[in-house]
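Below is one structure; the comments refer to it alone.
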Amino acid sequence: MAKAYDHLFKLLLIGDSGVGKTCLIIRFAEDNFNNTYISTIGIDFKIRTVDIEGKKIKLQVWDTAGQERFKTITTAYYRGAMGIILVYDITDEKSFENIQNWMKSIKENASAGVERLLLGNKCDMEAKRKVQKEQADKLAREHGIRFFETSAKSSMNVDEAFSSLARDILLKSGGRRLGNSSKPSSTDLKTCEKKHTNKCSLG
Ligand SMILES: Nc1nc2c(ncn2[C@@H]2O[C@H](COP(=O)(O)OP(=O)(O)OP(=O)(O)O)[C@@H](O)[C@H]2O)c(=O)[nH]1
């Protein structure tokens with residue numbers, strides 16, 4: 001029987017408790033959203049297959065608990081991940097400051113070549129914004145990674161973010177190359193910025 005997919009990529013979401021990791025995964029895998037907050041205990045995963053560059057990519061997306069008390073369990077999963085998504089909440093400055101700590105945690109626990117992506121979630125809550133897009137852009141550039149503002153609630157940029165990470169992993173793993181590098185050039189980042197600026201404000 002033919003294989004239902006060409007590649008299997010394991011992705012992991014990390015970030016402070018309450019930033020919306022579970023909601024982002026549920027939006028991506030099931031196209032659903034729930035306002036009720038049930039904090040993740042330990043770790044869980046969901047699956048969705050996407051088409052990238054004519055290849056069927058099965059994404060196994062692991063959801064980690066943001067709470068400190070689960071850290072030992074969750075960091076054990078870093079090593080198997082091919083892509084790690086760092087999430088903060090645009091209405092919560094502390095969650096953005098902590099991205100530096102999550103970056104450190106990747107360095108200490110993940111495989112050296114892991115692809116990373118930065119997401120500023122809850123961008124539907126523009127009125128409560130505490131973290132400016134420019135701050136996150138700067139941080140992403142410093143680390144040479146892509147950045148999107150997303151909303152699990154409105155779906156804004158959710159598919160785009162997961163697909164962009166999957167595409168970077170595919171290119172890195174020897175799939176058809178689109179450019180000279182899987183890392184974003186400053187032109188790439190500008191395009192990304194332009195494409196998504198001002199698209200994300202539901203109030
Ligand atoms: N307005 C808005 N609320 C969101 C969004 N994403 C998540 N939320 C809300 O934020 C709360 C926390 O979301 P979760 O997805 O459970 O957060 P988490 O990061 O998985 O939290 P832990 O499991 O504790 O690590 C819930 O009440 C969600 O409804 C979003 O994009 N917009």
Side-chain angles (χ1 to χ4, degrees), residues 10-48 59-78 80-81 83-106 109-110 116-133 135-137 139-140 146-165 192 195-203:
K10 293 181 186 174
L11 310 182
L12 187 76
L13 271 79
I14 61 175
D16 282 7
S17 187
V19 295
K21 299 179 294 298
T22 302
C23 287
L24 282 165
I25 296 174
I26 290 174
R27 172 59 77 194
F28 178 65
E30 297 168 2
D31 199 14
N32 223 329
F33 179 79
N34 196 325
N35 269 314
T36 325
Y37 178 27
I38 303 166
S39 199
T40 305
I41 295 175
I43 189 139
D44 191 12
F45 77 90
K46 290 203 182 292
I47 284 181
R48 181 174 155 192
L59 297 177
Q60 192 180 73
V61 190
W62 289 84
D63 183 13
T64 63
Q67 286 180 46
E68 187 67 30
R69 64 193 169 114
F70 296 115
K71 205 131 192 225
T72 318
I73 306 171
T74 56
T75 49
Y77 285 79
Y78 283 37
I84 298 186
I85 302 179
L86 297 116
V87 189
Y88 69 91
D89 170 353
I90 71 149
T91 71
D92 175 2
E93 211 163 352
K94 187 78 197 154
S95 73
F96 178 67
E97 284 166 16
N98 273 336
I99 289 294
Q100 296 284 15
N101 296 328
W102 291 108
M103 289 276 192
K104 220 170 120 209
S105 194
I106 293 179
N109 298 288
R116 294 163 302 160
L117 173 72
L118 179 65
L119 299 187
N121 191 41
K122 306 196 187 179
C123 74
D124 54 285
M125 297 173 81
E126 188 57 46
K128 293 194 173 161
R129 178 190 287 275
K130 296 274 164 36
V131 183
Q132 298 311 313
K133 211 163 171 239
Q135 292 172 259
D137 254 335
L139 184 69
R146 289 187 204 279
F147 160 63
F148 291 89
E149 283 197 345
T150 55
S151 166
K153 188 171 184 174
S154 78
S155 319
M156 176 61 65
N157 283 342
V158 176
D159 278 7
E160 287 84 346
F162 280 92
S163 297
S164 119
L165 181 58
C192 190
K195 207 167 143 201
H196 305 295
T197 304
N198 300 330
K199 274 177 77 184
C200 202
S201 48
L202 297 182

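Counting starts at 1 for both ligands and their atoms, following the listed order. Counting begins at 1 with the first residue of the sequence. Since this is a predicted model, take the numbers as computed values, not measurements.
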Evaluating non-hydrogen atoms only, which member of G66, G20, G18 is closest to atom 25 (O) of ligand 1? G66
Is there a heavy atom in I26 that sits closer than 4.0 Å to ligand 1?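 Checking ligand 1 against I26, which is what was asked, there is no heavy-atom contact under 4.0 Å.
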Decide whether the shortest distance between a heavy atom of N34 and an atom of ligand 1 is less than 4.0 Å.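 Right, N34 reaches ligand 1.
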When you check the gap from the basic side-chain N to the acidic O, do K46 and E30 get nearer than 4.0 Å?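 Judged by the 4.0 Å cut-off on N to carboxylate O distance, K46 and E30 do form a salt bridge.
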Carboxylate-amine/guanidinium contact D89 K128, below 4.0 Å: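 No, D89 and K128 are not salt-bridged.
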Mind checking whether [X] and [Y] have side chains closer than 4.5 Å, heavy atoms only?
{"X": "I14", "Y": "S105", "result": "no"}
{"X": "T64", "Y": "L12", "result": "yes"}
{"X": "L139", "Y": "F147", "result": "no"}
{"X": "W102", "Y": "V87", "result": "no"}
{"X": "Y88", "Y": "N98", "result": "no"}
{"X": "L119", "Y": "L13", "result": "no"}

Closest approach of any protein heavy atom to [atom], naming residue and atom:
{"atom": "atom 8 (N) of ligand 1", "result": "K122 CE, 3.7 Å"}
{"atom": "atom 31 (O) of ligand 1", "result": "A152 N, 2.8 Å"}
{"atom": "atom 1 (N) of ligand 1", "result": "D124 OD2, 2.9 Å"}
{"atom": "atom 19 (O) of ligand 1", "result": "K21 NZ, 2.8 Å"}
{"atom": "atom 6 (N) of ligand 1", "result": "N121 ND2, 3.2 Å"}
{"atom": "atom 27 (O) of ligand 1", "result": "N35 O, 2.9 Å"}
{"atom": "atom 15 (O) of ligand 1", "result": "C23 N, 2.9 Å"}

A quick test of your reading: do over 12 heavy atoms of other residues, nucleotides or ligands sit less than 6.0 Å from NZ of K94?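 Result for NZ/K94: open.
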A quick test of your reading: do over 12 heavy atoms of other residues, nucleotides or ligands sit less than 6.0 Å from CD1 of I41?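 No, CD1 of I41 has 12 or fewer neighbouring heavy atoms, counting only those of other groups under 6.0 Å.
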Is there a polar contact, in the sense of an N or O pair closer than 3.5 Å, between [X] and ligand 1?
{"X": "G15", "result": "no"}
{"X": "M125", "result": "no"}
{"X": "T150", "result": "no"}

Ligand-residue contact atoms, ligand 1 with [X], heavy atoms, under 4.0 Å:
{"X": "S39", "value": "22 (P), 23 (O), 24 (O)"}
{"X": "D16", "value": "19 (O)"}
{"X": "T22", "value": "15 (O), 20 (O)"}

At a non-hydrogen distance cut-off of under 4.0 Å, which region of A65 contacts ligand 1 (side chain, backbone, both, or neither)?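 For A65, only backbone atoms sit under 4.0 Å from ligand 1.
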Tested for side-chain contact (heavy atoms from CB on, under 4.5 Å) against T22, the lone hit among I26, L24, I25 is I26
